[in-house]
Number of protein chains: 2
Amino acid sequence: MDSESVEAPATGDAKEPAWRQRAVSRSLNAARSRAEQRVQRFLDAAFELIDEKGTTDFTIQEVIDRSKQSLRGFYQYFHGKDELLLALFEDSMLESAIDLREAVAEETEPLARLRACAIRLHEWCEPADSTRKRGAHNRRPISEFSVQLAVAHPERVKAAIEPVSRLLLELVGEAATAKTISVADTRQAAALVQQIVMYSWFGNRLISDPKMRLTAEQTWEFCLRGLGA
Amino acid sequence: MDSESVEAPATGDAKEPAWRQRAVSRSLNAARSRAEQRVQRFLDAAFELIDEKGTTDFTIQEVIDRSKQSLRGFYQYFHGKDELLLALFEDSMLESAIDLREAVAEETEPLARLRACAIRLHEWCEPADSTRKRGAHNRRPISEFSVQLAVAHPERVKAAIEPVSRLLLELVGEAATAKTISVADTRQAAALVQQIVMYSWFGNRLISDPKMRLTAEQTWEFCLRGLGA
DNA sequence: TCGGAAGTGAGAACACCACTCTCCCATTTC
DNA sequence: GAAATGGGAGAGTGGTGTTCTCACTTCCGA
């Protein structure tokens, strides 16, 4: 945890996730694809464990056993457990961003696009079992752990969320230029929407009665007015 | 962590914090005041350590040494480290609520009262060193840890926040009946305000540039519009 | 004053887990 | 064929929360 300067990804293609580049770059001399496969096996094993246990409280040993790899191999690709969780989180966010862009593409009006993004993002971050697609991973434990990561490694988390942040910023910008909302600063407005939508699950945790919990729609309504629509 | 049913505080006076009753009730037969003193020494020691280290990553041993008490005594009053942190959090929230009510009392207009509460609450939850009173404890580490507690013990955290929640609900209710805001459900509106204000520090963590971070005023502005003022 | 019960202190011991290190074997490379 | 590199297996280390043991003190009723 000392001066861990980010290694420059000299040969990376820009579409590659950042953490993947970082993890793989350590063994760049060897076959790159093989290394990526190994990394992916760790990730798959961790996802499975999270799905089964419903929490991120798995042990490294379990990941090793599940992935049929060695402890040594694990620490060759990940500096520690946090980095593995960070990778999972980054993976999740990347997948979310792709899905969100699909949802947004179905709308044309700026406000409708923003709304679609917010609603879908809410579903991603507070996955009810009913809305979760079959075969998809359970994102809730990762969502929950992300707050701890945000305290310990804010820069990393910020970078991981970036694809979603960028999309939200674009949409808020669109809506602002179309005059359908009126905000002083699009960046701050986007940041607020992001936080409210992504972490409303947190507030809901503190409400006992399920009937009283905030839905995606209600959260969006609040944001909508906050944006001065 | 098995079936830990909350013991009914049969003889408690209602102004006593819940956790204190719980911790003390285990040795109710003995002198109550002495037990409370001992509990308080643990709390003081923990607060000191948090202030010095700027984090909740102290060890139980450090609390023992600092408070000049025994490990056994610690586990006699607290079921574990989480319960100690919970107690600190509950203490903080209680103190906040008192301070917030003072701030609110200086205003008469419903909306001004709500605003005063929101601004002050924001200062409590994201304590800049400049606004922190001399001699007061550093609340940020506890704020940060509270998100973990909320994941692990939502009911406890909910109970701890309750004094603040109640105040917010009252104020939102006042403003709603005065027609200065228009919300469908006061409970949900209050919950939203609470979450946005109390945890905006979290979103700010993900913003590198200090100039871009959301201030109490800006957060309040957003809430204000969200409330349909 | 005596004696037992409860309370308390000191710290050893245990459990768990992230992380490191060493050994050894397989595959590749020259 | 020898050397080097990579990787698997697993013992070992360190830190920390938690429990347990035992001896000492205090309190209270007989």
Side-chain angles (χ1 to χ4, degrees), chain A residues 1-2 4 23-43 45-46 49-50 53 55-88 141 145 148-149 152-153, chain B residues 1-2 4 23-43 45-46 49-50 53 55-88 141 145 148-149 151-153 156:
Chain A
M1 307 300 171
D2 37 16
E4 180 192 320
V24 167
S25 69
R26 287 194 218 167
S27 63
L28 246 181
N29 45 346
R32 185 195 193 91
S33 68
R34 187 154 41 112
E36 282 194 14
Q37 274 183 5
R38 295 191 67 199
V39 168
Q40 193 57 48
R41 279 167 65 190
F42 284 123
L43 296 184
L49 287 166
I50 289 173
K53 310 183 97 171
T55 170
T56 52
D57 286 343
F58 56 81
T59 67
I60 303 294
Q61 194 55 49
E62 287 173 310
V63 176
I64 304 311
D65 296 342
R66 179 70 60 114
S67 65
K68 295 271 196 296
Q69 297 191 79
S70 69
L71 193 56
R72 177 191 173 147
F74 177 83
Y75 284 101
Q76 197 168 2
Y77 292 103
F78 299 97
H79 280 151
K81 190 179 177 182
D82 273 8
E83 205 165 323
L84 172 64
L85 271 321
L86 233 11
L88 295 177
F145 195 78
Q148 295 183 46
L149 290 174
H153 316 286
Chain B
M1 306 300 173
D2 36 17
E4 181 192 318
V24 168
S25 69
R26 287 194 218 168
S27 62
L28 244 183
N29 44 347
R32 185 196 193 87
S33 68
R34 187 156 40 111
E36 284 195 13
Q37 276 182 4
R38 295 191 66 200
V39 167
Q40 193 58 48
R41 279 168 64 191
F42 283 123
L43 296 184
L49 288 166
I50 289 173
K53 311 181 93 169
T55 169
T56 53
D57 285 343
F58 55 81
T59 68
I60 305 293
Q61 192 57 46
E62 287 173 311
V63 176
I64 304 311
D65 296 344
R66 179 70 59 115
S67 65
K68 294 273 197 296
Q69 297 193 79
S70 69
L71 192 56
R72 181 198 166 112
F74 177 83
Y75 283 101
Q76 196 168 359
Y77 292 102
F78 299 98
H79 280 151
K81 189 180 179 182
D82 273 8
E83 205 165 323
L84 173 63
L85 271 322
L86 232 12
L88 295 176
F145 195 78
Q148 295 183 46
L149 290 174
V151 170
H153 317 287
R156 295 288 200 85

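Keep in mind it's a predicted model, so treat the numbers as computed, not measured. Here is the naming used below: chain letters follow the sequence lines, and residue numbers restart at 1 for every chain.
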Heavy atoms from C-beta onward define the side chain here; which of [options] lies closest to that of [X]?
| X | options | value |
| --- | --- | --- |
| B/S70 | D/dT19, C/dG9, D/dG10 | C/dG9 |
| B/I60 | C/dA18, C/dG9, D/dG17 | D/dG17 |
| B/Y75 | D/dT21, C/dA18, D/dT18 | D/dT18 |
| A/K81 | C/dA18, D/dG7, C/dT20 | C/dA18 |

**Report entry** Donor-acceptor contact present, side-chain B/Q69 to main-chain B/R41, <3.5 Å
**Finding:** no
| task | Check whether any side-chain N or O of B/E62 sits under 3.5 Å from a backbone N or O of B/T59 as a donor-acceptor pair, and report yes or no. | result | yes
Worksheet item: So what does A/F74 hit on the nucleic acid, given a heavy-atom distance under 4.0 Å: a base, only sugar-phosphate, or nothing?
Response: nothing
**Request:** Could you check whether the rings of A/Y77 and A/F42 sit parallel, tilted or perpendicular, using 30° and 60° as the cut-offs?
**Result:** tilted
Q.
Taking 4.0 Å as the cut-off, does a side-chain nitrogen or oxygen of A/R72 come that near to OP1 or OP2 on D/dG12?
A. no
Evaluate A/I50 against A/L88 for side-chain contact (heavy atoms from CB on, under 4.5 Å), listing each step before the verdict. CA-CA 10 Å; A/I50 289 173; A/L88 295 177; 3.7 Å; yes
Expressed in angstrom and rounded to an integer, what is the separation of [X] atom [atom1] from [N] atom [atom2]?
| X | N | atom1 | atom2 | answer |
| --- | --- | --- | --- | --- |
| A/F42 | C/dC19 | CZ | P | 13 Å |
| A/L71 | C/dT22 | CG | P | 15 Å |
| A/Q61 | D/dA11 | CD | C1' | 12 Å |
| B/R38 | C/dT8 | CZ | C1' | 7 Å |
| A/Q76 | C/dC19 | CD | P | 16 Å |
| B/D82 | D/dT16 | CG | P | 16 Å |
| A/I64 | C/dC19 | CD1 | P | 11 Å |
| A/F58 | C/dC19 | CZ | P | 11 Å |

Sorted by position of nearest nucleotide on DNA chain C, 5' first, the leading residue of A/T59 and B/Q69 is B/Q69
From the list A/L85, A/T55, A/D57, side-chain contact (heavy atoms from CB on, under 4.5 Å) partner of A/F145 resolves to A/L85
